[in-house]
Protein chains: 2
Amino acid sequence: MANQTSDKVNTVLQAGDLELLRTSSLTGAVEKELEHLILTGELKPGERLNEIRLSNRFGISRGPLREATRSLAARGLLDVVRNRGVFVRSISVKEALEIYDLRAAIFGLAGRLLVDHVTDEMLATLNDYLQRMDALAEQRNFDDYYPTNLAFHDHLIGATGSASLVNEYHGLVDRLHLCRAKGLVQAGGLAVSNREHREMVDSLAAGDKLRAQEAFFRHVERSKRRFEMAAEADAREDEEKRDGR
Amino acid sequence: MANQTSDKVNTVLQAGDLELLRTSSLTGAVEKELEHLILTGELKPGERLNEIRLSNRFGISRGPLREATRSLAARGLLDVVRNRGVFVRSISVKEALEIYDLRAAIFGLAGRLLVDHVTDEMLATLNDYLQRMDALAEQRNFDDYYPTNLAFHDHLIGATGSASLVNEYHGLVDRLHLCRAKGLVQAGGLAVSNREHREMVDSLAAGDKLRAQEAFFRHVERSKRRFEMAAEADAREDEEKRDGR
DNA sequence: CCGTATTTGTCCGTATGTATG
DNA sequence: ACATACATACGGACAAATACG
């Protein structure tokens with residue numbers, strides 16, 4: 001009856017990883033698993049999550065599964081529609097732009113806060129990051145550039161010492177992955193000029209809070225603009241496809 | 001057996017409001033109810049939520065109740081401790097200060113965004129708020145000042161047109177209520193000089209993004225500082241009580 | 001537009017393990 | 001060490017809403 005799709009579903013993940021996940025509650029483990037599936041795109045925006053099939057696949061009952069989905073819904077990764085089910089959240093370009101702004105504001109706050117935490121050692125570490133990224137960019141080694149860039153940002157965020165800030169920031173980044181135009185998000189993050197990074201670190205070294213906040217803020221705003229342009233180009237393509245052909 | 005506490009619990013809320021809440025799912029209705037109980041302080045920070053008693057009190061089964069609590073936990077209003085239960089989240093002064101910073105950053109973003117949305121009509125409305133608050137402050141009519149002040153801020157936040165920003169901001173404000181020193185939070189918000197409000201509106205009228213962002217940001221930072229001072233005074237008091245007496 | 005199959009929402013009973021005094 | 005209370009998780013059940021032919 002329901003075999004047409006259940007096969008496909010069963011291939012995505014095998015049951016039995018329970019042992020590993022037993023560290024926390026079942027609900028928590030399933031939540032992490034689902035989160036992973038969503039963020040990696042194995043579950044795509046708009047896709048529906050069938051309660052029974054999913055619980056069978058994880059080898060659990062519907063209770064913990066439902067609890068996990070409500071939690072993910074509250075975190076903005078799933079949509080729960082009454083009597084219809086839960087869907088992977090799909091965020092519009094408009095919403096993505098809003099999230100970029102929030103991210104800019106929080107990243108800007110990170111810059112402002114970091115001015116009070118700056119040490120010579122930290123500056124050395126950051127300059128090290130800059131040099132590595134400069135080198136990778138010159139070699140056009142994008143595969144290594146991307147994770148280094150990520151680590152650089154995570155390092156900055158974490159160095160604020162504010163757990164709340166870290167949480168909030170990552171929540172926003174996660175939600176950005178739910179944009180249908182996910183590729184565009186990555187593209188926006190890649191084409192970063194190292195001049196922006198240098199200005200960020202320099203403003204920290206200068207101990208100028210406002211300058212740092214603005215440098216950090218603008219850095220995110222620029223990737224927002226790149227995303228925006230890519231999204232517009234994308235929309236134009238679709239339009240041509242519909243009109244022309 | 002469990003009657004010692006169940007009486008008290010049963011008095012807090014009666015079952016039967018189901019009809020009103022039937023608009024959404026039971027889970028959603030219970031979540032709203034619990035949220036209300038938490039934010040009004042009827043359920044206090046650190047307090048434990050007994051699954052069975054609560055479900056009896058609401059006249060529902062434990063399933064929806066658990067789903068509601070997981071959702072509230074994801075939103076930072078409850079803590080779920082494995083095999084021990086769920087507790088109303090209790091945030092430390094340190095965490096409250098972190099949240100103030102985030103709120104400042106997002107409120108600052110609101111100011112920055114509003115510069116692009118300013119209309120004569122909006123400025124008229126805002127000036128109207130300012131005049132009313134001036135009058136109330138002069139009369140020392142704090143009971144009316146407080147909600148007007150709240151409405152003023154909500155109006156600003158909403159006028160950005162960014163639903164994501166509104167959500168994020170309110171999430172932070174909600175969490176701030178979970179500080180044991182909740183009274184201090186309110187005290188911090190009350191003693192607002194209207195000069196700050198005027199500078200905010202003026203910077204919007206001037207169309208200066210950076211100035212607006214900074215005015216909005218500092219406005220929150222100042223109430224953070226007031227909260228901080230009150231918290232320190234509070235801590236000193238406790239210390240004296242322990243040492244002296 | 002109608003009838004059927006599917007799926008969700010909710011309840012209940014129960015077994016098991018864990019924390020607490 | 002023991003007993004109690006409680007949270008976790010399971011499975012079955014059924015009504016109601018929804019999706020589908």
Side-chain angles (χ1 to χ4, degrees), chain A residues 1-9 15-34 43 46-74 78-88, chain B residues 1-9 15-34 43 46-74 78-88:
Chain A
M1 302 291 164
N3 284 5
Q4 322 109 335
T5 43
S6 72
D7 285 352
K8 176 201 155 203
V9 173
D17 329 54
L18 332 159
E19 303 314 321
L20 260 167
L21 305 168
R22 283 277 178 198
T23 321
S24 81
S25 75
L26 239 195
T27 299
V30 173
E31 183 180 344
K32 280 208 195 82
E33 255 308 302
L34 281 176
L43 291 171
E47 190 171 339
R48 166 133 163 278
L49 274 60
N50 184 307
E51 234 175 70
I52 302 155
R53 278 209 284 270
L54 262 187
S55 54
N56 285 341
R57 169 162 144 211
F58 287 132
I60 63 175
S61 65
R62 281 168 62 209
L65 203 238
R66 284 177 65 90
E67 290 173 24
T69 58
R70 306 305 135 151
S71 182
L72 288 165
L78 292 177
D79 263 334
V80 176
V81 185
R82 192 186 179 195
N83 287 329
R84 290 208 40 220
V86 347
F87 304 79
V88 177
Chain B
M1 303 286 169
N3 283 5
Q4 323 109 335
T5 42
S6 72
D7 284 351
K8 176 201 153 201
V9 174
D17 330 53
L18 331 160
E19 302 314 322
L20 260 168
L21 304 168
R22 283 279 178 199
T23 321
S24 80
S25 74
L26 242 193
T27 299
V30 173
E31 184 180 344
K32 281 207 195 80
E33 255 308 303
L34 281 176
L43 291 172
E47 192 171 340
R48 165 130 164 275
L49 276 61
N50 184 307
E51 234 177 67
I52 302 156
R53 278 208 284 270
L54 262 186
S55 54
N56 286 339
R57 169 164 144 210
F58 287 133
I60 63 175
S61 67
R62 282 159 47 217
L65 203 239
R66 284 176 66 88
E67 291 171 22
T69 56
R70 305 305 135 152
S71 182
L72 288 166
L78 292 177
D79 263 334
V80 177
V81 184
R82 171 154 151 139
N83 286 331
R84 291 209 39 221
V86 347
F87 304 79
V88 178

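Letters A, B, ... mirror the listed sequences (proteins, then strands); counts begin at 1.
Within the 4.0 angstrom heavy-atom criterion, only backbone atoms of the sugar-phosphate kind lie near Gly85(B); the bases stay farther away. Across all strands shown, Leu65(B) has no heavy atoms under 4.0 Å from either base or sugar-phosphate atoms. Residue contacts for Glu51(A): at a heavy-atom cut-off of 4.0 Å it reaches the sugar-phosphate backbone alone, with no base atom in range.
Note on Arg70(B): a side-chain N or O is less than 4.0 Å away from OP1 or OP2 of dT8(D). Between Thr27(A) and dA9(D) there is a side-chain polar atom (N or O) within less than 4.0 angstrom of OP1 or OP2. Applying the 4.0 Å criterion to OP1 and OP2 of dT7(C), one finds that Arg82(A) has every side-chain N and O outside that range.
For dT20(C), its base never sits under 3.5 Å from the side chain of Arg84(B) at any donor and acceptor pair.
The shortest distance between side-chain heavy atoms of Leu65(A) and Leu49(A) does not fall below 4.5 Å. Considering only heavy atoms from C-beta on, Glu51(B) stays 4.5 Å or farther from Val86(B) through its side chain.
Nearest nucleotide to the Asn83(A) side chain, out of dT8(C), dA17(D), dT8(D): dA17(D). Listed nucleotides dT18(C), dT10(C), dA9(D) differ in distance to Pro64(B); the shortest reach to its side chain belongs to dT10(C). Checking dT8(D), dT7(C), dT10(C) against every side-chain atom of Arg53(A), the shortest atom distance belongs to dT7(C). In this structure, of dC11(C), dA13(D), dA9(D), it is dA9(D) that holds the atom nearest to the side chain of Leu26(A). Of all nucleotides listed (dA7(D), dC10(D), dC11(C)), dA7(D) comes nearest to the side chain of Arg48(B).
In this structure, CD of Glu31(B) is placed 13 Å from P of dT10(C), rounded to the nearest angstrom. We find that CZ of Arg66(B) is positioned 15 Å from C1' of dC12(C), with the value rounded to whole Å. Atom CD1 of Ile52(A) and atom C1' of dA19(D) are 14 Å apart (whole Å). Atom C1' of nucleotide dC11(C) and atom CZ of Arg62(B) are separated by 11 Å, given to the nearest angstrom. In this structure, Glu67(B) places its CD atom 15 Å from C1' of dT8(D), rounding to the nearest Å.
Atom CG of residue Leu78(A) and atom CG of residue Leu43(A) lie 8.5 Å apart, to the nearest 0.5 angstrom.
The nucleotide dA1(D) finds no pairing partner, because no Watson-Crick or G-U wobble arrangement with both distances shorter than 3.5 Å includes it. Both distances falling under 3.5 Å, in either a Watson-Crick or a G-U wobble arrangement, place dT10(C) opposite dA13(D).
Looking at which nucleotide of DNA chain C each of Ser61(B) and Asn50(A) is closest to, the 5′-most match is held by Asn50(A).
Exactly one of Lys32(A), Arg66(A), Glu67(A) qualifies for a side-chain hydrogen bond (donor to acceptor under 3.5 Å, both in side chains) with Thr27(A). That residue is Glu67(A).
Closest approach of Val30(B) and Ala68(B) over heavy atoms only: CG1-CB, 4.0 Å.
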